[in-house]
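Below is one structure, written out as structure tokens, with a few remarks after it.
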There are 2 protein chains.
Amino acid sequence: MTSETPAPQRMTRQRKAVEEALSKNKGFCSAQDLHATLRAQGNRVGLATVYSQLRVMVDAGMLDVIRSDAGEAMYRRCGAGDHHHHLRCRSCGNVEELHAPAVETWASEVVSSSGYRDVSHSLEITGLCPACASG
Amino acid sequence: MTSETPAPQRMTRQRKAVEEALSKNKGFCSAQDLHATLRAQGNRVGLATVYSQLRVMVDAGMLDVIRSDAGEAMYRRCGAGDHHHHLRCRSCGNVEELHAPAVETWASEVVSSSGYRDVSHSLEITGLCPACASG
DNA sequence: TTACTTGCAAACGGTTTGCATCGAG
DNA sequence: CTCGATGCAAACCGTTTGCAAGTAA
């Protein structure tokens with residue numbers, strides 16, 4: 001049932017290019033940005049391929065994904081599969097990672113007492129960062 | 001330049017309908033959901049009008065907005081008195097309300113130590129309810 | 001009456017998909 | 001050779017916009 005088939009993932013030129021571009025970029029970038037960057041570097045890669053690879057990498061837990069206010073998905077190379085949340089400034093868009101053991105604990109308690117299974121949660125925190133709040 | 005013209009905002013039937021629908025719904029709902037709800041209630045309102053009103057209300061600070069994983073904008077009446085979260089079955093759509101004092105406490109601690117201000121958070125938990133999980 | 005609001009439909013922009021071709025294993 | 005990967009273009013879907021008709025003030 002829960003086939004652990006980790007997906008073959010052939011190492012193509014394009015796949016490597018996407019991984020490298022993400023490794024070099026510390027922040028979040030959109031699929032379109034990534035595509036433009038690769039093209040600018042002379043790497044001939046299709047947009048659909050970029051999306052495809054991003055999906056694979058997200059499924060594999062290699063990437064963090066957030067949504068920009070404009071509705072674009074923003075990707076960033078993620079430190080292992082450690083689950084965390086984000087504190088985002090609604091003014092400047094700056095994102096900080098948060099670790100929330102209390103939340104995780106609470107969530108799993110709720111889940112077990114409710115009888116729900118295969119549960120996932122998402123916690124979004126937005127506010128004004130110190131810089132924007134004082135401005 | 002920074003004209004503070006707060007926009008006249010005529011009180012039309014449609015505007016009132018949107019406000020009321022949002023007031024009755026404690027959680028987040030998408031523009032499309034809102035539109036469908038209004039239509040179902042017999043309220044003849046255009047989708048573009050719903051979007052228009054939502055934008056006005058967001059600009060006025062009356063609404064909280066977050067992006068769902070699917071990329072849809074989700075709106076919620078801001079400063080909702082009874083803040084709570086939802087546990088939703090991704091199969092049958094059943095929703096249970098959750099109260100999370102631990103989460104609220106944790107969130108406010110994080111917020112105060114981070115220096116962020118005017119912070120709001122949303123926690124969504126999804127899974128399979130007992131009925132759907134056993135089915 | 002004035003000019004803001006409505007609402008249809010078409011335009012938009014990000015993302016996904018269909019399918020013929022390419023190429024890693 | 002085989003079957004997954006690629007990539008163009010078209011389909012999708014949520015959202016925005018153009019503009020003529022409606023209506024609050």
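So that the names make sense, note that chain A is the first sequence line, chain B the second, and so on, each numbered from 1. Only heavy atoms go into these numbers, but all of them, side chains included; no hydrogens, no water, no symmetry mates.
When each of D:dT16, D:dT15, C:dT6 is scored by its nearest atom to the side-chain atoms of B:A31, the top-ranked nucleotide is D:dT15. For A:Q32, whose side chain is taken as the heavy atoms from C-beta onward, the closest listed nucleotide among C:dT15, D:dT17, C:dT6 is C:dT15.
Remark: the backbone N or O of B:P130 is not paired with any side-chain donor or acceptor of A:R117 at under 3.5 angstrom. Proximity of a side-chain donor or acceptor of A:R13 to a complementary backbone N or O of A:R44 within less than 3.5 Å is detected. A donor-acceptor pair is defined here as one N or O able to donate and one able to accept, closer than 3.5 Å; such a pair exists between the side chain of A:H35 and the backbone of A:V45. Side-chain N or O atoms of B:S52 include none that pairs as donor or acceptor with a backbone N or O of B:A48 at under 3.5 Å. Side-chain N or O atoms of A:R77 include none that pairs as donor or acceptor with a backbone N or O of A:M62 at under 3.5 Å.
Taking only side-chain nitrogens and oxygens, A:T12 never comes nearer than 4.0 Å to OP1 or OP2 of D:dA5. OP1 or OP2 of D:dT15 lies within a sub-4.0 Å distance of a side-chain N or O belonging to B:Y51. Not one side-chain nitrogen or oxygen of B:R15 sits closer than 4.0 Å to the OP1 or OP2 atom of D:dT23. Taking side-chain N and O atoms only, A:Q14 has no distance below 4.0 Å to OP1 or OP2 of D:dA5. A sub-4.0 Å separation between OP1 or OP2 of C:dC8 and a side-chain N or O of B:R44 is present.
Atoms CG (B:L38) and P (C:dG7) sit 10 Å apart, rounded to a whole Å. One atom, CG of B:L54, and another, C1' of C:dT5, lie 15 Å apart when rounded to the nearest Å. For the pair B:M74 CE and D:dC13 P, the computed distance is 18 Å after rounding to whole Å. Per the geometry, CG belonging to A:D69 stands 16 Å off C1' belonging to D:dG14, to the nearest Å. Across the protein-nucleic acid pair, B:L47 atom CG and D:dG18 atom P stand 17 Å apart, rounded to whole Å. The distance between atom NZ of B:K16 and atom P of D:dA24, rounded to the nearest whole Å, is 10 Å. Rounded to whole Å, the distance from OH on B:Y75 to P on D:dG14 is 13 Å. Per the geometry, CZ belonging to B:R67 stands 12 Å off P belonging to C:dG14, to the nearest Å.
The residue A:A70 sits apart from the nucleic acid: no heavy atom pair falls under 4.0 Å. Using a 4.0 Å heavy-atom cutoff across all strands shown, B:Q53 reaches sugar-phosphate atoms only and no base atom.
Counting atom types as modelled, A:R10 pairs no side-chain N or O with a base atom of C:dG25 as donor and acceptor under 3.5 Å.
Positionally, the nearest nucleotide of DNA chain D for B:E72 lies more toward the 5' end than for the other of B:M11 and B:E72.
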